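Contents: one structure, followed by commentary.
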There are 2 protein chains.
Amino acid sequence: MKLITRNTDYALRALCYMSKHQDIISVDELVNKLGVPRPFMRKILQRLNQERILASYKGQGGGFKLKLKPDRIYMIQIMRIFQGNVGLNGCFLKKGICPDKVRCVLRKKIHAIEDSVFRQLGKINIVSLI
Amino acid sequence: MKLITRNTDYALRALCYMSKHQDIISVDELVNKLGVPRPFMRKILQRLNQERILASYKGQGGGFKLKLKPDRIYMIQIMRIFQGNVGLNGCFLKKGICPDKVRCVLRKKIHAIEDSVFRQLGKINIVSLI
DNA sequence: ACAAATGATACTAATATGGTATCATTAATT
DNA sequence: AATTAATGATACCATATTAGTATCATTTGT
Ligand code: FES
Ligand code: FES
């Protein structure tokens with residue numbers, strides 16, 4: 001079990017790099033600096049563009065640029081984009097067996113743990129990673 | 001992204017049930033109470049037996065019984081069994097690009113978060129779940 | 001001997017992850 | 001205007017993990 005996946009990891013590293021070089025950066029440059037497979041890196045950056053974390057510039061001399069300030073980009077946000085809404089797994093028990101979702105202690109406990117994880121992740125932004 | 005998987009979930013629920021009924025419990029009983037697919041439940045219990053958390057009794061009237069006291073069985077232990085050693089994902093960058101693993105801030109940060117998660121999971125035992 | 005349980009193990013199905021490949025679109029350079 | 005260097009969109013493929021099934025062997029109480 002791993003807490004963060006590759007695309008999250010690569011995204012974070014790309015964002016870190018871009019926050020150090022505030023001009024327009026091409027995929028090629030990132031690929032060279034980070035050693036990530038080119039098409040995969042592209043996919044990740046395109047996604048970050050769709051999510052309005054990056055701005056993209058087409059055509060010659062184009063590339064990507066941070067749209068937000070590095071201290072406004074949080075790790076949890078990137079994780080949510082690439083790993084889905086990190087949430088409590090639903091109760092797997094069949095109907096009629098799960099007795100009372102609202103009061104289920106197991107559920108509550110897991111929820112509390114997750115809350116704490118999110119609070120911590122919510123504190124970490126790109127600035128704190130560079 | 002989910003923090004716990006089905007087999008962990010089912011295992012926890014089975015252990016909770018068994019800690020309330022300290023005699024020998026058959027797979028059938030657990031299946032009926034929890035609504036988990038029978039062969040899957042068996043596999044899970046067999047694993048818990050191998051891991052010496054349960055004791056098993058073969059033959060007629062057989063089944064499983066807690067081998068440890070409920071306050072000695074921790075959630076993190078069950079997660080490790082079914083979800084692997086929950087640990088820091090390695091650096092994905094190619095050699096020559098990852099500059100200095102020891103000092104990598106990203107690595108340190110993630111490690112700190114994980115540590116905290118484990119500390120919390122390490123506090124939760126079966127007793128606290130029932 | 002028989003039936004009722006688990007042990008061991010191999011197999012299958014579904015989903016998530018980690019990519020590739022391709023063609024369209026845009027915009028600077030010539 | 002043509003070329004070229006970039007991204008946009010999308011479909012596809014490969015691998016790993018998760019979730020579950022199936023089968024036969026072994027043990028043990030009746
Ligand atoms: S048993 Fe359904 S939420 Fe706990
Ligand atoms: S870049 Fe390799 S551990 Fe951070």
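The shown structure was predicted, so the numbers you read here are calculated from the model rather than taken from an experiment. By convention in this document, chain letters (A, B, ...) are assigned in the order of the sequence lines, proteins followed by strands, and residues within each chain are numbered from 1.
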Choosing from [options], which nucleotide comes nearest the side chain of [X]?
X	options	answer
P39(B)	dT21(D), dG29(D), dG7(C)	dT21(D)
S26(A)	dG29(D), dG20(D), dA6(D)	dA6(D)
F64(A)	dA28(C), dT18(D), dT7(D)	dT7(D)
Y10(B)	dG20(D), dG29(D), dA28(C)	dG20(D)
Q46(B)	dG19(C), dA8(C), dT7(D)	dA8(C)
S56(B)	dG7(C), dG20(D), dG29(D)	dG7(C)
K43(B)	dT28(D), dG18(C), dA10(C)	dA10(C)
D28(B)	dG19(C), dA5(C), dG8(D)	dA5(C)
N49(A)	dG8(D), dT7(D), dA19(D)	dG8(D)

Practice task
Could you check Y57(B) against F82(B) and say which one's nearest nucleotide on DNA chain D is further toward the 5' end?
Solution key: F82(B)
Handout entry: T5(A) and N7(A): side chain donor to acceptor below 3.5 Å
Key = yes
Is [X] near enough to [N] that one of its side-chain N or O atoms lies under 4.0 angstrom from OP1 or OP2?
X	N	value
K65(A)	dA6(D)	no
Q50(A)	dA9(D)	yes
N7(A)	dT17(C)	no

What is the separation between atom [atom1] on [X] and atom [atom2] on [N], rounded to the nearest whole Å?
X	N	atom1	atom2	value
L30(A)	dA6(D)	CG	C1'	14 Å
L45(A)	dA6(D)	CG	P	14 Å
I4(B)	dT17(D)	CD1	C1'	17 Å
K58(B)	dA8(C)	NZ	C1'	9 Å
R38(B)	dT23(D)	CZ	P	14 Å
F40(B)	dA19(D)	CZ	P	6 Å
R6(A)	dA16(C)	CZ	C1'	14 Å
Q60(B)	dT26(D)	CD	C1'	15 Å

[X] vs [Y] side-chain heavy atoms within contact, under 4.5 Å:
X	Y	answer
M75(B)	L12(B)	yes
F82(A)	R6(A)	no
I76(A)	I124(A)	no
I73(B)	N125(B)	no

Problem - Verdict with reasoning, E51(B) to R47(B), per salt bridge (charged side-chain N to carboxylate O under 4.0 Å, His left out) - result: CA-CA 6 Å; E51(B) 301 284 342; R47(B) 187 70 197 279; 3.1 Å; yes
Exercise for the section: Using only heavy-atom distances, decide whether a donor-acceptor pair under 3.5 angstrom links the side-chain of R42(B) to the base of dG7(C). Expected result: yes
Exercise for the section: Pick base, sugar-phosphate or nothing for G62(B), based on heavy-atom distances below 4.0 Å to the nucleic acid. Expected result: sugar-phosphate
